[in-house]
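Working notes, beginning with the structure itself.
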Amino acid sequence: MPKRLAYSLPDEVLEHVFSFIQSDKDRNVVSAVCKSWYEIERWCRRKIFVGNCYAVSPKMVIRRFPQVRSIELKGKPHFADFNLVPDGWGGYVLPWITEMAGAYPWLDEIRLKRMVVTDESLELIAKSFKDFKVLVLASCEGFSTDGLAALAASCKNLRELDLRESEVDDSSVHWLSHFPETYTSMVSLNISCLGSGEVSFSALERLVSRCPNLRSLKLNRAVPLDKTANILRLAPQLVEFGTCTYSAELRSDVFSNLAGAFSNCKELRSLSGFWDVVPDYLPAIYSVCSRLTSLNLSYATIQSPDLIMLVSHCPSLQRLLVLDYIEDSGLEALASNCKDLQELRVFPSDPFDAEPNASLTEQGLVAVSLGCPKLQSVLYFCRRMSNAALVTIAQNRPNLTRFRLCIIEPNTADYLTGEPFDVGFGAIVEHCKDLIRLSLSGLLTDCVFEYIGKYAKKLEMLSVAFAGDSDLGLHHVLSGCESLRKLEIRDCPFGDKALLTNAAKLETMRSLWMSSCSVSFEACKLLSQKMPRLNVEVIDERGPPDSRPENCTVDKLYIYRSVAGPRFDMPPFVWTKDEDLALRLSP
Amino acid sequence: MCMELQLGLALPGSDTWSRPLLKLGLYEDINVNSKKRGFDHGYLEDEFSAASFKNYEKGLVGWPPVETWRRKKLRCQVHNHMTAAENGYCGGRASNSTYVKVKMEGVVIARKIDISIHQSFETLTTTLMTMFDIFDENRRSFKLTYQDKEGDWLIAEDVPWR
């Protein structure tokens, strides 16, 4: 009886049921049930996430999903954030926009990360999508304020424009003024990455004053402090605010104006920015502190006492980004004041100095892990660590889902015992059963990888640097970590054997990055031949890898699964299989 | 003073672990720890020996893993040099304030100085030396640098006072 019922449900009913299913994973499962469900599902899928823009071609996406409204694309590998991917590697969005312009006239959301976006792409977006609403460009580059002007002028219903961490060229166009006077739709605007010349303050003020739904506003550093109060008074409904430059000599009139403006903002929950912050002005935000859930002080070069004062006013804090100026004492204060803390990121104020700039050690992290029961996500830069501390953290915080530790000096051992950190990280993966992201550092042998392979069953992303002794390390990870999607490795003695033995595993992952390891070009070619659905890219600016001796290792290797085959936009320093090489070298 | 872009090429077939010493970005925070070296080490003289902290010597690109954009944003702020940042922030618009932030290398806390009350580099330097407790004999070891609108660090005495 139930079987017949399933087949007799009309398509419209199924479609309606499917509309409640939002997650990609669930949608994929639905589409695999039977042919008719596949057909129905593909026509009603509205949101697409493509984690690697080269894993599939835009034509293939459009063919399967003809009525998409929202797309998210990611381009360059994560290590591009640290300058490890040479310029010109790829990640161009224009081919996608070109195809979608024709196929998806009702596309209203585009979210991009680490992609090369040109003014031409932005102009095409402005022209092609009549109801365009959301543009998020995270860590993108290649465009200027000209492109932004085109968007401002054409997109009447633009709700969200978020340029977080992107690099924007200043074409000296007052692009903000291109929003017509009739435009009132802005809900979220993040221009914190823009330089000084790229924002006209008066245009910004006019824009803010006519957008009553504005909830999130993140300004760039060029807007001076005395103007901040003006902006806040125009938008007291803000939930998220990124301050502009916070620097100036303390003037009591500016201070009281600012404090008054902040006190009007009853909905404010998140603050960021704080460039050039002068501690004297910090009390201006005290009136909102008790409601703050997110605070990004990672550009604020203020010292521990001021930081302690600030966090002691923020009992509701769930997310804190801060520099190591907070010191162990500040983290202890955080641990006692902020019991709702879920995410902590501590960045180094002076990453290139051998000597510590601030008194921040493993003690601070231990204090927070003991004091904050909801702590789930950690990113911590420090200069010393011990296995004992890691074990304490692991035992007390089994609910950790993201743990990224960066001991600044490579190969640093446990400062108490001189041992590697195998046991410490082993404890982390053993106790934190829901760990999905892990970054290792310090002195590490193959042992740590054995622990990871054995325990880290839910791990999806692993970052490794200056660790391990042999191929066995890599083998443990590839053979043991069932949920692994992204693996990025630098400066480790991992080579051909582990890679070739676990070739099949690579097709179950999004990507593998290996740089300054011990993989030979021969192995890369072999892997490429064995696994046609993997793109094996050797990134080497020294010249053709063939021209070096047999045992010479490749500089950088990026392997990713793809159903689109080899890409056509490879620069000269990316080397793939023999045939392509021959074509490249032929006159 | 900024470190220039340095480029070194590894020979083909050389040791697996050596790689092109391509240092991207400007590591202006050379950050000689003055507590260790004493004031008679002029930081200009030590420009290259200052690059003796390990990461720099190894020529490690992308380590520690701090995002490029984050480094840039931090760089535009308080520095560990004896410098004057134009109008107190990197590349900012000119404001009415004549107060300028000055930071000395090795000293964490910056000071502010009203540049309008000085008529020459001489008086400015003298005042700064007093502020940071630098004795006469060590004066020559320090150089006054400033950051222009493009974020470039230049020697102050190279341009006429205005």
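Letters go in sequence order (proteins before strands), and every chain restarts at 1. Values below: all heavy atoms of this structure, side chains included; hydrogens, waters and symmetry mates excluded.
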Could you check whether any side-chain heavy atom of [X] comes within less than 4.5 Å of a side-chain heavy atom of [Y], counting everything from C-beta outward?
X	Y	result
Leu60(B)	Phe82(A)	no
Ser139(A)	Trp69(B)	yes
Asp81(A)	Thr68(B)	no

Checklist entry - Just wondering, are more than 12 heavy atoms of other shown residues or ligands nearer than 6.0 Å to NZ in Lys76(A)? => result yes

Checklist entry - When you look at CG of Asp87(A), are more than 12 heavy atoms from neighbouring residues, nucleotides or ligands closer to it than 6.0 Å? => result no

Item to check | Gap separating the CZ atom of Arg70(B) from the CG atom of Leu323(A), nearest 0.5 angstrom | outcome: 8.0 Å

Checklist outcome for this item: Rounded to the nearest 0.5 angstrom, the CH2-SG distance for Trp63(B) and Cys406(A) is 4.0 Å

Checklist entry - Among Phe381(A), Phe79(A), Phe347(A), which residue forms the greatest number of heavy-atom pairs with chain B at distances under 4.5 Å? => result Phe347(A)

Checklist entry - Less than 4.0 Å between a side-chain N and a carboxylate O, is that true for Glu165(A) and Lys72(B)? => result no

